[in-house]
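What follows is one structure encoded as structure tokens, with my remarks underneath.
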Amino acid sequence: CLDIGEGGHVLSNFIKTQPIGVFMRNNTGQSTQSIWGGEQEHELYERSTQVPVVHSVSFAYKDIDTWHKVALGQEPGHIYSRNTNPTVRAFEDKVKVLEGAEAATSFSSGMAAISNTLGTFLRPGNRIVSIKDSYGGTNVIFNEFLPPLGIEVALCETGDYEQLEAEIAKGCTVLYLETPTNPTIKITDIKRLATKAHQVGALVVVDNTFATPINQLPLTLGADIVLHSASKYLGGHADALGGVICGATELVEKVYHYREINGATLAPMDAYSLLRGMKTLKLRVQRQNENAMAVARFLQDHPMVDQVNYPGLETHPGHDIAKQQMLGFGGMLSFSVHGGLDAIKQFLPRLNYAHMAANLGCVETVVGPPVTTSHVECTAEERAAAGIPEGLVRYSTGIEDIEDLLADLEQALSVLN
């Protein structure tokens with residue numbers, strides 16, 4: 001049988017024959033990219049206007065020579081959907097266009113994107129530098145999974161650039177950043193740290209899930225690989241799981257090869273749902289940016305709220321950096337209320353226009369404390385070490401009418417008076 005391990009060459013073939021922005025001008029806007037990106041690069045089935053869902057596991061050929069050339073990457077095509085698939089490829093190409101990358105490859109979930117990327121580039125004896133308050137699942141990889149493999153992990157206070165730069169200077173294989181952070185909404189200067197990391201030959205990986213390519217383009221700031229939990233803002237409707245990374249062809253091919261063998265493949269139906277959701281990405285994110293700013297200002301003035309974390313506020317410690325590296329401040333915020341977790345248990349159930357759920361980035365507002373959402377995998381001690389109070393609320397702003405969201409928050413918080 002054919003060696004499916006050659007699939008890495010298949011990906012390379014796609015990248016070489018399907019360049020960024022085929023039929024698209026260099027100055028094409030983000031809404032146009034969200035709608036048309038990646039879709040003009042493929043001949044659609046029977047003149048359809050939408051990318052079809054190709055559920056086929058395998059792809060047949062009428063002669064051995066063509067089949068063999070496709071398997072070796074000498075001609076375009078698909079062999080087996082664990083490797084590549086037409087619907088999945090269209091999703092990857094859309095992300096590639098939006099992030100301004102050479103290549104992209106996808107995964108069954110955001111955590112698969114993170115774990116496969118780290119698994120590709122880290123070996124025993126290597127060293128990774130990151131921040132303490134990254135997403136809980138990522139934090140578990142840093143604290144539980146990597147050290148037993150002989151990989152040294154240095155976790156620094158987010159925003160402590162002297163500490164981060166000192167740890168990078170000690171030796172660094174991968175610098176892993178998340179900005180804004182989940183759920184503390186802290187900001188990290190990507191350009192500054194990427195410059196330092198590249199001086200020691202480190203690879204810079206940035207989780208861009210919270211910002212999206214609408215609000216932030218890490219590759220232009222020095223990142224080597226950008227990753228997303230596509231289940232969040234990219235899809236936007238809480239109905240599809242997926243992850244994706246993008247960057248230079250050489251790097252993406254390595255991660256693709258790791259993923260195709262380990263099998264964390266994005267399903268075609270999820271790829272289709274993500275594609276459909278991404279067509280409104282610019283519209284959704286713009287509305288969420290506006291709503292989040294209004295919610296943050298409202299909460300900042302509320303007598304029962306102790307602290308609001310949102311980079312759009314002038315009082316936010318990372319506001320100046322956010323203004324420099326972000327195009328918009330995002331739809332995510334977090335806040336603390338008088339009374340901590342007990343108070344949260346009282347007022348969150350009173351919200352009419354918010355799901356209490358472990359999700360974010362969708363058209364509906366979603367709320368919850370880190371103890372049940374971003375850091376449920378962590379102990380109370382680990383959350384405290386990451387600077388996450390038990391009384392914190394993570395608030396993913398939806399696209400509802402802002403007047404309704406503010407009135408809803410007002411009536412729910414009134415129980416605490």
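Predicted model only: the values in this text are computed from it and were never measured. Positions are given from 1, in the same order as the sequence printed here.
Judged purely by atom type and a 3.5 angstrom limit, N85 has no side-chain atom pairing as donor or acceptor with the backbone of H55. Formation of a donor-acceptor pair under 3.5 Å by the S81 side chain with backbone atoms of S56 is found in this model. Judged purely by atom type and a 3.5 angstrom limit, Q216 has no side-chain atom pairing as donor or acceptor with the backbone of P213. A distance-only check finds a donor-acceptor pair linking the side chain of T179 to the backbone of T188 [under 3.5 Å]. Listed for the E99 side chain is no donor-acceptor partner under 3.5 Å among the backbone atoms of P218. Checked by atom type and distance alone, the side chain of T173 pairs as donor or acceptor with a backbone atom of R127 at under 3.5 Å. Looking only at distances, no side-chain donor or acceptor of R259 sits under 3.5 Å from a matching main-chain atom of A112. Side-chain atoms of S336 never come within 3.5 Å of backbone atoms of L392 as a donor-acceptor pair (strictly under, hydrogens ignored). Of the possible donor and acceptor atoms, one in the side chain of D408 sits under 3.5 Å from a partner among the backbone N and O of N352. With hydrogens and angles disregarded, no donor-acceptor distance shorter than 3.5 Å links the side chain of S109 to the backbone of G243.
Remark: R297 pairs with E314 by the salt bridge (Lys or Arg N to Asp or Glu O under 4.0 Å) rule, at least two apart or across chains.
For E92 and R89, the salt-bridge test passes: some basic side-chain N is under 4.0 Å from an acidic carboxylate O. Looking at R82 and E260, no side-chain N of the basic residue comes within less than 4.0 Å of a carboxylate O on the acidic one, giving no salt bridge.
The two residues F347 and A412 come nearest to each other via the heavy atoms CB-O, 3.2 Å. Between A271 and L266 the shortest heavy-atom distance is CB-CD2, 3.8 Å. Closest approach of A357 and V366 over heavy atoms only: O-CG1, 3.4 Å. Counting all heavy atoms, side chain and backbone alike, G37 lies closest to K94 at O-NZ, 3.0 Å. Between E144 and P147 the shortest heavy-atom distance is C-CD, 4.1 Å. Scanning both residues, F91 and S106, for their nearest heavy atoms gives CE2-CB, 4.0 Å.
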### Query
After noting the C-alpha distance and the side-chain angles of F107 and V255, does the key distance pass the side chain to side chain contact (heavy atoms under 4.5 Å, CB included) rule?
CA-CA 10 Å; F107 307 83; V255 183; 3.6 Å; yes

### Message
Could you walk me through whether Q300 and V305 satisfy the side chain to side chain contact (heavy atoms under 4.5 Å, CB included) test, starting with their C-alpha distance in whole Å, then the side-chain angles of each, then the deciding distance to 0.1 Å, before giving a yes or no?
### Response
CA-CA 7 Å; Q300 190 178 39; V305 175; over 6 Å; no

### Query
Should N83 and Y256 be marked as a side chain to side chain contact (heavy atoms under 4.5 Å, CB included) after you check the CA-CA gap, both sets of side-chain angles, and the distance that decides it?
CA-CA 8 Å; N83 307 100; Y256 162 77; 3.4 Å; yes

### Query
When you look at L299 and L333, which way does the side chain to side chain contact (heavy atoms under 4.5 Å, CB included) test go after all the steps?
CA-CA 10 Å; L299 292 171; L333 59 101; 3.9 Å; yes

### Step-by-step salt bridge (charged side-chain N to carboxylate O under 4.0 Å, His left out) determination, R287 to E290
CA-CA 5 Å; R287 178 61 172 263; E290 296 169 1; 5.0 Å; no

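Between the side chains of E178 and T138, no donor-acceptor pair of N or O atoms lies under 3.5 Å. N262 and N116 share no side-chain donor-acceptor pair at under 3.5 Å. Judged purely by distance below 3.5 Å, without hydrogens or angles, the side chains of N309 and T184 never pair a donor atom with an acceptor atom. Of the N and O atoms on the side chains of N291 and T397, not one donor lies less than 3.5 Å from an acceptor on the other residue. At a cut-off of 3.5 Å, with distance as the only test, a side-chain donor of T249 or E102 sits close to an acceptor on the other residue.
Between M326 and I187, some side-chain heavy-atom pair lies under the 4.5 Å cut-off. Using a 4.5 Å heavy-atom cutoff, the side chains of K191 and Q325 are not in contact. Within the 4.5 Å cutoff, the side chain of E165 has heavy atoms near those of the R192 side chain. A heavy-atom distance below 4.5 Å is not found between the side chains of T84 and I79. Within the 4.5 Å cutoff, the side chain of L98 has heavy atoms near those of the S34 side chain. When side chains are defined from C-beta on, L203 counts as touching I225, because their heavy atoms get closer than 4.5 Å. Residues N359 and S396 form no side-chain contact, since every pair of their non-hydrogen atoms from C-beta on lies 4.5 Å or further apart. In this structure the side chain of V363 reaches within 4.5 angstrom of the side chain of R284, judged on heavy atoms.
For the atom pair Y176 OH and L155 CG, the distance stands at 12.0 Å (nearest 0.5 Å). Note that CE of M278 and CD of E39 are 9.5 Å apart. Values are rounded to the nearest 0.5 Å. If you take OG on S31 and CH2 on W36, they are separated by 13.5 Å, rounding to the nearest 0.5 Å. Atom-to-atom distance recorded for I245:CD1 and D207:CG is 12.0 Å, nearest 0.5 angstrom. Between atom CE of residue M111 and atom OG of residue S229 there is a gap of 9.5 Å, rounded to the nearest 0.5 Å. Interatomic distance, CG of L274 versus OG1 of T87, reported as 11.5 Å (0.5 Å rounding).
Within a 6.0 Å sphere centred on NZ of K279, other residues, nucleotides and ligands contribute more than 12 heavy atoms. Within a 6.0 Å sphere centred on CD of E250, other residues, nucleotides and ligands contribute 12 heavy atoms or fewer. For H355, the NE2 atom sits in a loose shell: 12 or fewer heavy atoms of surrounding residues, nucleotides or ligands are nearer than 6.0 Å.
The list of ring pair (Phe, Tyr, Trp, His ring centres under 6.0 Å) pairs with a residue in residues 202-253, not counting sequence neighbours, is empty. The ring pair (Phe, Tyr, Trp, His ring centres under 6.0 Å) analysis of residues 287-316, with sequence neighbours excluded, yields the pairs F298-H302.
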